[in-house]
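Below: the structure, in structure tokens.
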Amino acid sequence: MARRENSEINAGSMADIAFLLLIFFLVTTTMDTDSGILRKLPEKQPEDVEAPPVRQRNIFEVNINRFDQLLVEEEEVKIGDLRELAVKFIDNGAGKNAEGQPCNYCEGEKSESSSEHPAKAIISVQTAQTTSYGMYISVQNELLAAYTELRNRYAKKYLQGKYKGLSYSDLLKLQKGEVKNPDLDAAIDQIKKAYPEILSDAKPIK
Amino acid sequence: MSKFGKKKKEVPAVNTAALPDIVFMLLFFFMVSTTMRETSLLIKKPKLPSATEVKKLEHKSLVSTIYVGKAVNPSEGTGDKIQLNDKISTVNDIVNFIYSERDKHDADEQKAMVTSIKADMKTNVGTISDIKDELQSINALKISYSSSSGDVANNFK
């Protein structure tokens with residue numbers, strides 16, 4: 001047999017093969033990142049524990065009936081107005097918190113019939129068994145948005161040091177990028193303490 | 001003048017030697033970024049609600065997903081169905097599902113685990129509440145109501 005010169009491998013069809021694979025991955029790829037409203041459930045309470053007494057004025061009652069109608073503090077409202085009402089209630093600040101300090105960062109009306117302090121203000125959501133999930137999420141979202149609004153305002157006004165002038169959402173974004181930063185965590189804790197998220201879900205009525 | 005005449009050459013073909021490189025680059029990008037859908041849906045694809053206060057879930061491996069919606073197959077019944085992994089289950093199976101998800105991770109990571117509830121907008125809140133009760137009973141307290149980011153008004157169209 002005649003020894004032939006070692007000729008190069010023909011790589012002309014490599015592109016075709018690569019294209020084939022490329023198209024396969026293009027078709028199968030899904031780039032959805034899961035996003036959602038993060039909530040933390042309360043820990044399970046023993047049956048016999050009684051809830052601590054809460055004054056009626058510190059409870060903001062949100063009721064959704066089975067026709068997805070919204071009742072806030074015994075009055076029918078539209079979903080668009082819920083956020084404003086919640087802000088008003090949380091930020092009322094007419095009294096003192098558990099440590100006896102008045103709320104000097106609150107800008108509410110200091111009404112006698114609304115909440116005493118953001119740390120005492122409880123928002124309670126009561127749904128019916130057949131309320132739609134979409135409505136429920138909308139209400140949750142509006143209530144959380146109310147807290148975010150207040151926290152942003154507080155952060156912009158009262159934060160000192162290197163985070164001065166930043167909003168709460170800005171800080172959360174910063175926190176995501178960094179590994180661990182005690183200053184940042186302290187700032188966020190300070191805001192969370194000023195406006196703690198107290199959202200309670202009552203069991204749906206049958 | 002014959003020298004000028006010689007210039008009348010054919011246009012050379014475009015060099016395509018770099019084409020495989022480009023294609024490979026794209027290929028690698030898609031190979032890396034791709035995630036195969038692990039479960040096939042037995043319920044109708046849930047229409048997620050829109051919300052503005054959404055946060056992205058990081059660390060995909062720490063997320064266990066519970067699907068809620070109507071079954072594709074009418075023989076399964078018409079009510080709200082819960083899908084865990086690859087089959088339609090009942091509320092009582094959630095406990096075992098979360099335990100098996102937890103087993104895949106060590107103690108440190110277990111604390112960061114999140115349960116994502118992907119439910120259709122028309123689901124009853126009662127069903128969701130039952131799920132939450134089960135999660136509460138085994139201390140899987142971090143949950144995420146999966147929603148797309150957008151205005152709340154989209155939920156009422």
Side-chain angles (χ1 to χ4, degrees), chain A residues 11-26 28-45 64 66 68 79-80 82-83 127-145 147-148 172 176 201-206, chain B residues 16-17 19-20 22-24 26-27 29-31 33-37 47-58 60 63 65 68 80 114 116-129 132-133 135-149 152-153 155-156:
Chain A
S13 53
M14 187 149 80
D16 300 353
I17 297 164
F19 259 123
L20 197 84
L21 283 168
L22 176 63
I23 289 163
F24 170 72
F25 279 101
L26 261 170
T28 56
T29 201
T30 48
M31 291 226 216
D32 56 334
T33 42
D34 199 354
S35 62
I37 299 178
L38 276 177
R39 300 279 299 128
K40 202 155 184 269
L41 296 173
E43 268 170 52
K44 202 178 168 83
Q45 301 292 334
I64 321 168
R66 62 202 166 99
D68 285 355
I79 182 89
L82 180 61
R83 187 186 306 199
T127 57
Q129 195 80 14
T130 49
T131 304
S132 86
Y133 177 68
M135 183 65 191
Y136 173 73
I137 289 298
S138 308
V139 168
Q140 291 280 324
N141 182 63
E142 289 308 297
L143 296 174
L144 287 172
Y147 277 110
T148 311
L172 287 185
K176 225 184 248 170
D201 282 309
K203 261 209 177 315
I205 1 175
K206 290 257 154 72
Chain B
T16 55
L19 188 69
I22 296 165
V23 173
F24 264 116
L26 281 169
L27 177 62
F29 170 72
F30 279 102
M31 275 177 78
S33 64
T34 202
T35 46
M36 301 269 180
R37 200 182 284 284
K47 243 182 110 207
L48 299 177
S50 330
T52 50
E53 305 294 301
V54 292
K55 295 200 178 82
K56 265 192 191 139
L57 288 180
E58 273 141 67
K60 255 195 174 152
V63 177
T65 311
V68 188
D80 292 332
V114 180
S116 170
I117 299 178
K118 284 199 178 185
D120 190 87
M121 284 201 323
K122 295 212 167 59
T123 310
N124 289 343
V125 169
T127 316
I128 307 293
S129 168
K132 287 200 291 190
D133 283 347
L135 293 175
Q136 214 176 32
S137 72
I138 48 167
N139 258 317
L141 299 178
K142 281 189 184 169
I143 57 168
S144 155
Y145 300 113
S146 190
S147 15
S148 48
S149 76
V152 176
N155 296 344
F156 304 104

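Every heavy atom of this structure was used, including side-chain atoms; hydrogens, water molecules and symmetry mates were not. To find a chain, count down the sequence lines: A is the first, B the second, and so on, and within it residues start at 1.
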Arg39(A) atom CZ, over 12 foreign heavy atoms within 6.0 Å: yes

Which residues pass the salt bridge (Lys or Arg N to Asp or Glu O under 4.0 Å) test with Asp68(A), sequence neighbours left out? none

Check salt bridge (Lys or Arg N to Asp or Glu O under 4.0 Å) between Lys47(B) and all other residues, then give those that pass, not counting sequence neighbours. none

Which bit of [X] comes within less than 4.5 Å of chain B, counting heavy atoms only: side chain, backbone, both or neither?
| X | value |
| --- | --- |
| Ile23(A) | neither |
| Leu172(A) | side chain |
| Asp16(A) | neither |

May I have the step-by-step check of side-chain contact (heavy atoms from CB on, under 4.5 Å) for Lys44(A) and Asn139(B), ending in yes or no? CA-CA 8 Å; Lys44(A) 202 178 168 83; Asn139(B) 258 317; over 6 Å; no

Nearest heavy-atom contact between Asp120(B) and Tyr133(A) is O-CD2, 3.3 Å

Please find the pair of heavy atoms, one from Gln136(B) and one from Pro42(A), that lie closest to each other, and give the distance. NE2-O, 2.9 Å

Please tell me if the side chains of Tyr147(A) and Glu53(B) come closer than 4.5 Å, counting only heavy atoms from C-beta onward. no

Would you call Phe25(A) and Phe29(B) a side-chain contact if the rule is heavy atoms closer than 4.5 Å? no

Ignoring hydrogens and geometry beyond distance, is a side-chain donor-acceptor pair present between Thr130(A) and Asn124(B) at under 3.5 Å? no

Just by distance, with hydrogens left out, do Thr52(B) and Asn141(A) show a side-chain donor and acceptor under 3.5 Å apart? yes

Apply the test side-chain contact (heavy atoms from CB on, under 4.5 Å) to residues Phe30(B) and Phe24(A): give CA-CA distance (whole Å), side-chain angles for both, the deciding distance (0.1 Å), then the verdict. CA-CA 9 Å; Phe30(B) 279 102; Phe24(A) 170 72; over 6 Å; no

Hey, what do you get for CZ (Phe24(B)) to CG (Leu21(A)), rounding to the nearest 0.5 Å? 7.5 Å

To the nearest 0.5 Å, what is the distance between OG (Ser147(B)) and CD1 (Ile137(A))? 5.5 Å

Flag the pair Lys203(A) and Asp133(B) as a salt bridge only when some basic side-chain nitrogen lies within less than 4.0 angstrom of an acidic carboxylate oxygen. yes

